[in-house]
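In what follows, a structure is listed as structure tokens, so that the remarks can point back to it.
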Amino acid sequence: MAEQTEMTVIEKTYLYLENYNEMQRYIAEAVSEVAQVENADLYNISAERAFLKSIRECKAETVILLEHINKALDALEKETAAAGEEYRFDALRMKYIEGKTYEDIRKKWNCGKNAPKQWCKTMIERLSVKIFGAKAIENRAV
């Protein structure tokens with residue numbers, strides 16, 4: 001059997017950002033209460049209460065994670081603004097929050113072909129520390 005390797009914090013940060021908007025949608029639309037079920041009286045909802053509890057727990061975990069990510073993004077945005085690197089954070093926001101392409105970023109910032117990808121990579125490395133703390137530093141290749 002093939003050995004599974006654990007994802008690095010950088011990979012997890014990429015995954016969180018790639019699914020950022022979907023996590024927001026999940027929080028807004030997850031059916032976790034009987035009142036959200038149309039024609040609930042037609043179903044044996046009492047048998048499904050354990051499942052609804054599970055969905056509520058997943059929703060709560062997602063809310064906490066997304067709030068943590070938002071705080072990390074806010075801190076990174078302030079940090080980049082103070083350093084005069086707004087363009088780097090804007091590239092990250094455009095790519096992962098707004099769903100723009102690297103070409104869109106390149107056009108906006110009138111930069112080289114590889115610059116937007118490199119900016120995003122740098123921002124994700126910095127963001128991973130804000131999300132995972134010391135674990136992000138420990139996981140970096142030396």
Side-chain angles (χ1 to χ4, degrees), residues 1-40 42-45 47-142:
M1 182 191 284
E3 185 179 319
Q4 285 187 330
T5 58
E6 188 175 324
M7 289 179 79
T8 68
V9 294
I10 299 289
E11 290 168 332
K12 287 180 182 178
T13 304
Y14 272 106
L15 198 57
Y16 290 156
L17 288 176
E18 288 167 353
N19 290 283
Y20 182 87
N21 291 320
E22 186 58 27
M23 286 191 290
Q24 286 187 317
R25 187 213 55 80
Y26 178 80
I27 290 167
E29 298 176 8
V31 177
S32 59
E33 304 297 331
V34 174
Q36 293 176 278
V37 177
E38 286 187 38
N39 302 316
L42 299 177
Y43 306 103
N44 182 9
I45 297 295
E48 301 302 326
R49 293 211 187 270
F51 184 68
L52 292 174
K53 181 180 181 229
S54 173
I55 294 172
R56 281 192 297 276
E57 289 169 358
C58 289
K59 187 175 180 179
E61 288 176 16
T62 305
V63 166
I64 291 166
L65 177 61
L66 198 59
E67 186 61 26
H68 184 60
I69 292 168
N70 285 336
K71 286 183 183 278
L73 285 167
D74 289 345
L76 184 61
E77 182 176 26
K78 288 175 185 163
E79 191 177 283
T80 56
E85 299 177 327
E86 298 93 342
Y87 60 94
R88 290 178 186 248
F89 184 82
D90 189 57
L92 181 79
R93 179 186 15 250
M94 287 177 69
K95 174 71 176 154
Y96 293 100
I97 310 300
E98 298 173 12
K100 304 289 185 184
T101 65
Y102 288 129
E103 180 64 18
D104 295 331
I105 298 164
R106 192 186 70 69
K107 286 178 183 174
K108 177 178 180 180
W109 289 102
N110 193 27
C111 59
K113 180 181 178 187
N114 297 326
K117 188 173 184 175
Q118 185 58 47
W119 295 343
C120 287
K121 181 179 184 248
T122 301
M123 291 293 95
I124 285 174
E125 288 172 358
R126 289 168 59 182
L127 184 63
S128 72
V129 176
K130 295 183 181 319
I131 293 173
F132 294 99
K135 188 175 181 180
I137 296 167
E138 292 169 4
N139 286 191
R140 286 196 179 155
V142 194

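Positions are given from 1 along the sequence.
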With side chain to side chain contact (heavy atoms under 4.5 Å, CB included) as the criterion, how do F132 and I10 come out once you've worked through the C-alpha distance, each side chain's angles and the decisive distance to 0.1 Å?
CA-CA 9 Å; F132 294 99; I10 299 289; over 6 Å; no
In sequence, state the C-alpha distance, the side-chain angles, and the governing distance for L76 and E79, and then conclude on side chain to side chain contact (heavy atoms under 4.5 Å, CB included).
CA-CA 5 Å; L76 184 61; E79 191 177 283; 3.9 Å; yes
Kindly indicate, with the supporting measurements, whether the criterion side chain to side chain contact (heavy atoms under 4.5 Å, CB included) is fulfilled by I69 and M23.
CA-CA 11 Å; I69 292 168; M23 286 191 290; 4.0 Å; yes
Let me see the working for K12 and E6 under side chain to side chain contact (heavy atoms under 4.5 Å, CB included), right down to the final yes or no.
CA-CA 10 Å; K12 287 180 182 178; E6 188 175 324; 4.1 Å; yes
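The only option from K107, K95, M94, R93 that meets the side chain to side chain contact (heavy atoms under 4.5 Å, CB included) definition with K100 turns out to be M94.
Contact of the I105 side chain with the Y87 side chain is not registered, since no non-hydrogen atoms from C-beta on lie closer than 4.5 Å. F89 has its side chain out of reach of L127: every pair of non-hydrogen atoms, C-beta onward, lies at least 4.5 Å apart.
Between Y96 and Y14, the angle of the ring planes goes over 60°, which puts this pair in the perpendicular group of the 30/60° scheme.
Annotation for L92 and I124: closest pair CD1-CG1, 3.7 Å, computed over non-hydrogen atoms. Of all heavy-atom pairs spanning I131 and A72, the tightest one is CG1-CB, 3.9 Å. The minimum heavy-atom distance between Y26 and C58, with the atom names listed, is OH-CB, 3.3 Å. Heavy-atom minimum distance, A136 versus S128: CB-O, 3.5 Å. Of all heavy-atom pairs spanning K113 and R106, the tightest one is CA-CD, 3.7 Å. Considering all non-hydrogen atoms of both residues, T80 and M123 come closest at CG2-SD, 3.6 Å.
Rounding to the nearest 0.5 Å gives a distance of 5.0 Å between OH of Y20 and CG of L66. Taken to the nearest 0.5 Å, the CG atom of L17 stands 6.5 Å off from the CG atom of L73.
For residues 13-27, every residue pair satisfying the salt bridge (Lys or Arg N to Asp or Glu O under 4.0 Å) rule, not counting sequence neighbours, is listed here: E22-R25, R25-E29.
Judged purely by atom type and a 3.5 angstrom limit, D90 has no side-chain atom pairing as donor or acceptor with the backbone of E86.
Counting heavy atoms of neighbouring residues, nucleotides and ligands inside a 6.0 Å radius, atom NZ of K130 exceeds 12 of them.
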